[in-house]
2 protein chains.
Amino acid sequence: MPSRRADPVTVEVVELIGDVVARYHTEYEHVAASHQLTGAQARVLNLLAMEPLPMRRIAQKLRCEPSNVTGIVDRLETRGLVERRPDPADRRVKLAAPTEEGLRTADRLRESLDFAREPLAGLSTQERTALRDLLKRMLA
Amino acid sequence: MPSRRADPVTVEVVELIGDVVARYHTEYEHVAASHQLTGAQARVLNLLAMEPLPMRRIAQKLRCEPSNVTGIVDRLETRGLVERRPDPADRRVKLAAPTEEGLRTADRLRESLDFAREPLAGLSTQERTALRDLLKRMLA
DNA sequence: TATTGTTATACTCTATAACTATA
DNA sequence: TATAGTTATAGAGTATAACAATA
């Protein structure tokens, strides 16, 4: 292998992706903070708004240890945004589910995020389609 | 404003960007960990490998409070990867600079990252160019 | 007076290991 | 015995406020 040095365009794309990542992260944390939530809390609340999940599944989605989820859900529960329910099928399992207020907060969170993520507005439909296809291929 | 609901393609692109962000983050942390560094430490070391910086500037680059940089640089300094130097022009300022070993680590880190980021290899030069231009417009 | 870096403090996220209650 | 969730613990990143040295 004479060299794995990337060509100039690849280097540019990698840097741009770094920019996208930084921007995405900054905006996500900012929107979460505007709802008095940390990034991790916002992610969990958003997950649970789609469907209630066992603690273990949350950890898998977040790619972290199950012990961490206990604290995150604790804090959401203290805030009245999430509640733990027993799983009728397996008494070892606790299902974390959003409360009514949690669902409302998740909705407002998602609206803010849609808005914050709208740097795409400057692209035409054709361009967005092209971007979608390229990103898909890249992640394949 | 009747609705700010995004069109389906935009939703798809936003989700794909979320995937890219997650993947980038995972790989960055993984590569950093393989060098016994946290993500924040790797980012600072990478910054300093480009040029020595005052503590204040590092905080600005990381978008965090200056007090946090003290600890991160402390840990890099304990590891012998970074050193603090006085700024001859302003005795209040401390310049953080990589040691020889720090530069070597930064080089190996960057090589690993180039390799890890190579999902781009599946795209042709034309496609990479198109992706670059779309990302640029998106970030403009 | 204003600025640079640090310290002190408190909170959150993180992983590891040990514990409990179920299965 | 294996699994789900928790607790205990320790390390790291984060923000805020107060401080010393220097400008």
Side-chain angles (χ1 to χ4, degrees), chain A residues 21-22 25-48 52-79 81-97, chain B residues 22 25-26 28-48 52-79 81-97:
Chain A
V21 169
H25 197 258
T26 299
E27 294 190 352
Y28 196 96
E29 297 283 327
H30 185 263
V31 168
S34 75
H35 292 270
Q36 280 76 251
L37 294 170
T38 65
Q41 290 164 12
R43 273 186 289 277
V44 169
L45 185 57
N46 190 49
L47 275 178
L48 300 182
L53 291 173
M55 305 296 282
R56 213 87 185 174
R57 290 286 300 126
I58 299 174
Q60 287 166 349
K61 295 266 191 185
L62 260 59
R63 297 170 184 278
C64 73
E65 293 301 314
S67 59
N68 301 325
V69 179
T70 298
I72 297 170
V73 170
D74 278 353
R75 288 180 273 277
L76 286 170
E77 198 165 30
T78 300
R79 296 266 309 271
L81 301 175
V82 160
E83 62 182 14
R84 287 169 164 94
R85 300 177 188 159
D87 181 339
D90 185 339
R91 287 192 302 169
R92 292 173 304 179
V93 173
K94 290 176 190 169
L95 292 170
Chain B
H25 197 257
T26 300
Y28 197 96
E29 297 283 327
H30 186 262
V31 168
S34 74
H35 293 271
Q36 281 77 252
L37 293 169
T38 65
Q41 288 164 12
R43 272 186 290 277
V44 168
L45 186 57
N46 191 49
L47 275 179
L48 300 182
L53 291 173
M55 305 296 281
R56 211 90 186 174
R57 289 286 300 124
I58 298 174
Q60 287 166 349
K61 295 266 193 187
L62 260 59
R63 295 171 184 276
C64 73
E65 293 301 313
S67 58
N68 301 324
V69 179
T70 299
I72 298 171
V73 169
D74 279 352
R75 289 180 271 276
L76 287 169
E77 197 165 30
T78 301
R79 297 265 309 270
L81 302 175
V82 159
E83 62 183 13
R84 285 170 165 94
R85 299 176 188 160
D87 181 339
D90 185 338
R91 286 191 301 170
R92 291 174 305 181
V93 172
K94 290 177 190 168
L95 291 170

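Side chains are part of it too, since the values below use all heavy atoms of this structure and drop only hydrogens, waters and symmetry mates. Order of the sequence lines fixes the chain letters, A, B, ..., with proteins taken first and strands second; residue numbering starts at 1 for each chain.
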Could you tell me the separation between the CD atom of B:Gln60 and the C1' atom of C:dT3, rounded to a whole number of Å?
12 Å
Atom CD of B:Gln36 to atom C1' of C:dA15: distance rounded to whole Å?
15 Å
On the nucleotide D:dG13, are OP1 or OP2 found under 4.0 Å from the side-chain N or O atoms that B:Arg75 carries?
yes
Checking C:dT14, D:dG5, D:dA15 against the side chain of B:Cys64 (C-beta onward), the nearest is D:dA15
For B:Leu53 and C:dT4, what is the distance between atoms CG and P respectively, to the nearest whole Å?
14 Å
Where the side chain of A:Thr70 is defined as all heavy atoms beyond and including C-beta, which of C:dA2, D:dT6, D:dG13 is the nearest nucleotide?
D:dT6
A:Thr38 side-chain proximity, nearest of C:dT14, C:dC13, C:dT3:
C:dC13
C:dT6, OP1 or OP2 - any side-chain N/O from B:Arg84 closer than 4.0 Å?
yes
Would you mind telling me which of D:dT3, D:dA15, C:dC13 lies closest to the side-chain atoms of A:Ile72?
C:dC13
Applying side chain to side chain contact (heavy atoms under 4.5 Å, CB included), run through A:Arg84 and A:Asp74 and close with a yes or a no.
CA-CA 9 Å; A:Arg84 287 169 164 94; A:Asp74 278 353; 3.0 Å; yes
Interatomic distance, B:Ile58 CD1 vs D:dT14 P [rounded to whole Å]
13 Å
Evaluate the side-chain proximity of A:Asn68 to A:Leu62: yes if any heavy-atom separation is below 4.5 Å, no if none is.
no
In whole angstrom, give the distance that lies between atom CG of A:Asp74 and atom P of C:dC13.
11 Å
Could you tell me how far apart B:Arg57 (CZ) and C:dT3 (P) are, to the nearest whole angstrom?
16 Å
Residue whose closest nucleotide on DNA chain D lies nearer the 5' end, A:Asp90 versus A:Ser67
A:Asp90
Do the side chains of B:Leu81 and B:Leu37 get nearer than 4.5 Å, heavy atoms only?
yes
Nearest to the side chain of A:Arg56, heavy atoms from C-beta on, is which of D:dA4, D:dA12, C:dT7?
D:dA4
Taking only side-chain N and O atoms of B:Lys94, does any of them lie within less than 4.0 angstrom of OP1 or OP2 on D:dA21?
no
Between C:dA15, D:dA2, C:dG5, spot the one nearest the side chain of B:Val93, thanks.
C:dG5
Do the side-chain N or O atoms of A:Arg91 get closer than 4.0 angstrom to the phosphate oxygens (OP1, OP2) of D:dA4?
no
Just so I know, are the side chains of A:Val44 and A:Val82 near enough to count as touching, which here means a heavy-atom distance under 4.5 Å?
no
Do side-chain atoms of B:Arg79 reach the backbone of B:Gln36 as a donor and acceptor pair under 3.5 angstrom?
yes
Using the closest heavy atom to pick a nucleotide of DNA chain C for each, name whichever of A:Gln41 or A:Pro66 lands nearer the 5' end.
A:Gln41
Let me know the distance between CG of B:Asn68 and C1' of C:dT7, rounded to the nearest Å.
13 Å
Side-chain contact check for A:Glu65: nearest option of C:dT16, C:dA23, C:dT14 is C:dT16
For B:Leu62 and D:dA15, give me the distance from atom CG to atom P, rounded to whole Å.
10 Å
So which heavy atom on A:Ala40 is nearest to which on A:Ile72, and how close?
CB-CD1, 4.0 Å
